[in-house]
Amino acid sequence: IGVTGVQTCALPISSAPLTIRYPCAGWAEYQFSEIWNAVKIAIKDVVSTNPKAASGLRAIAVDATSSLFLDLHPARNSAPDGDVICWMDHRAESVIEDIHQTKHPYLDIVGGSMSPEHYLPKLLWLKRNAPDKYRRLKTIRDLSDAISYQLTGVDRHSICGLACKLPYLPGDTSPWQTDLLDVLDMSDLLDLGNLRETPGQVGRPCAVVTADIASELGIPDDAVVAF
């Protein structure tokens, strides 16, 4: 899943476009339903182009830009939310200095400063500037993990999605940097979904595709989705 489109590859390659929305200067958002539909269109196209290769499909891996999916409870109004914050969205620049002022050792590990493309500042901005939307969060997922969830029905984070974009150090006895979250008033983040559970290792199986998805996309129902 790239910036402006989705591409799939078995033997041939197929793609489907995506729309980026720019509600304000420095913002960049997607609608997850559009991304998921684009993924399905691209897979169906590549399957129809080479059904013989598709029938032998054994595994699927999802690669996406580091964009943050917000799994939200429905809003009272019917207007759709921008529920995927694109990697290049820089609205969180206004809260970065507050994170730097903590002087937490985690900052040394990420090069001494944090990018607004990191998920922590994006979520901190959301909590401070869009509290109603923040309260509607059921969970968050890296975009790759969100697509894997749609394919398998198994809601599990990958270690890559946590370690690359959140204050999570897999080599530590207690990977989550809870003291950093505490000082930023973000400790409630770990109450969302299953963020406290052990994530999946890169390249390891997450689960097989659901029967409904296999039927809809025209792929084998024993195809494994990998982290």
Side-chain angles (χ1 to χ4, degrees), residues 21 23-32 64-76 81-149 155-200 227:
R21 297 167 179 83
C24 300
W27 295 26
E29 298 178 343
Y30 299 107
Q31 196 68 34
F32 182 74
T65 61
S66 293
S67 299
L68 175 63
F69 171 55
L70 308 173
D71 192 353
L72 298 160
H73 291 287
R76 292 182 180 178
D81 283 294
D83 55 6
V84 178
I85 303 178
C86 182
W87 63 270
M88 62 181 173
D89 183 297
H90 274 214
R91 74 185 76 177
E93 286 180 354
S94 61
V95 302
I96 287 289
E97 187 55 32
D98 289 345
I99 298 175
H100 292 167
Q101 286 298 319
T102 67
K103 301 187 185 304
H104 192 277
Y106 174 74
L107 295 172
D108 295 331
I109 295 172
V110 295
S113 63
M114 190 172 288
S115 166
E117 296 169 13
H118 197 277
Y119 294 165
L120 178 60
K122 292 182 190 299
L123 290 163
L124 180 59
W125 184 96
L126 192 70
K127 186 172 187 178
R128 291 181 177 180
N129 295 277
D132 290 343
K133 189 169 185 176
Y134 186 85
R135 283 191 291 268
R136 289 169 46 221
L137 277 175
K138 291 185 285 185
T139 191
I140 61 167
R141 299 185 189 95
D142 180 76
L143 183 54
S144 293
D145 294 340
I147 296 298
S148 293
Y149 174 60
D155 188 8
R156 191 176 174 198
H157 296 277
S158 64
I159 196 169
C160 182
L162 298 186
C164 293
K165 290 293 182 175
L166 286 160
Y168 183 92
L169 300 176
D172 285 9
T173 304
S174 299
W176 282 105
Q177 305 304 290
T178 54
D179 51 346
L180 175 58
L181 296 176
D182 287 344
V183 75
L184 294 171
D185 190 29
M186 289 294 293
S187 58
D188 57 342
L189 175 64
L190 299 187
D191 296 327
L192 298 176
N194 58 5
L195 282 168
R196 294 181 186 271
E197 295 183 12
T198 302
F227 288 110

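Remark: Asp83 pairs with no residue by the salt bridge (Lys or Arg N to Asp or Glu O under 4.0 Å) rule, at least two apart or across chains. Scored by the salt bridge (Lys or Arg N to Asp or Glu O under 4.0 Å) test, Asp182 finds no partners at all (sequence neighbours excluded). With sequence neighbours left out, Asp132 forms a salt bridge (Lys or Arg N to Asp or Glu O under 4.0 Å) with Arg135. Listed by chain and residue number, nothing satisfies the ring-ring contact (aromatic ring centres under 6.0 Å, His included) test with Tyr106 (two or more places apart in sequence, or in another chain). In terms of the salt bridge (Lys or Arg N to Asp or Glu O under 4.0 Å) criterion, Asp108 has no residue partners (sequence neighbours excluded).
Annotation: side chain of Asp188 is in contact with side chain of Tyr134 (closest heavy-atom distance under 4.5 Å). Taking the side chain as every heavy atom from C-beta outward, Trp125 and Pro116 never approach each other to under 4.5 Å. Side-chain atoms of Cys86 and Tyr30, non-hydrogen and from C-beta on, do get closer than 4.5 Å to each other. Under the 4.5 Å side-chain criterion, counting only non-hydrogen atoms from C-beta, Val183 is not in contact with His104. Considering only heavy atoms from C-beta on, Asp172 comes within 4.5 Å of Gln177 through its side chain. Proximity of Cys160 to Asp142: side-chain heavy atoms (C-beta onward) are nowhere separated by under 4.5 Å. Looking at Leu107 and Leu180, their side chains never come closer than 4.5 Å, going by heavy atoms from C-beta outward.
Considering all non-hydrogen atoms of both residues, Ile159 and Tyr168 come closest at CG1-CE2, 4.4 Å. Looking at every heavy atom in both residues, Pro121 comes nearest to Ser115 through CG-O, 3.4 Å. Closest approach of His118 and Cys164 over heavy atoms only: CD2-O, 4.1 Å.
In this structure, Lys138 places its NZ atom where more than 12 heavy-atom neighbours from other residues, nucleotides or ligands lie under 6.0 Å away.
For the atom pair CH2 (Trp87) and CG (Leu68), the distance works out to 15.0 Å, reported to the nearest 0.5 Å. For the atom pair CD of Glu117 and OG of Ser67, the computed distance is 9.5 Å after rounding to the nearest 0.5 Å. The structure places CG of Leu124 at 12.5 Å from NZ of Lys122, a figure rounded to the nearest 0.5 Å. Note: Leu143 CG to Phe32 CZ = 6.5 Å, rounded to the nearest 0.5 Å. Rounding to the nearest 0.5 Å places OG of Ser66 at 5.0 Å from OH of Tyr119. Interatomic distance, CG of Leu123 versus CE of Met186, reported as 5.0 Å (0.5 Å rounding).
Side-chain atoms of Thr139 and Asp71 include no donor-acceptor pair closer than 3.5 Å.
Proximity of a side-chain donor or acceptor of Lys127 to a complementary backbone N or O of Asp185 within less than 3.5 Å is detected. Proximity of a side-chain donor or acceptor of Trp176 to a complementary backbone N or O of Leu195 within less than 3.5 Å is detected.
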Self-check item: Residues Asn194, His157; criterion side-chain hydrogen bond (donor to acceptor under 3.5 Å, both in side chains); working and verdict
Solution: CA-CA 8 Å; Asn194 58 5; His157 296 277; 3.2 Å; yes

Quiz item: Going through the checks in order, is the side-chain contact (heavy atoms from CB on, under 4.5 Å) test met by Asp155 and Arg141?
Solution: CA-CA 9 Å; Asp155 188 8; Arg141 299 185 189 95; 2.9 Å; yes

Name every donor-acceptor pair, under 3.5 Å, that has one atom in a side chain of residues 91-98 and the other anywhere in the protein, sequence neighbours excluded.
residue, atom, partner, partner atom, Å
Arg91, NE, Asp89, OD1, 2.9
Arg91, NE, Asp89, OD2, 3.1
Arg91, NH2, Glu29, OE2, 2.9
Arg91, NH2, Asp89, OD2, 2.7
Glu93, OE2, His90, ND1, 2.9
Glu97, OE2, Gln101, NE2, 2.7
Asp98, OD2, Arg128, NH1, 2.5

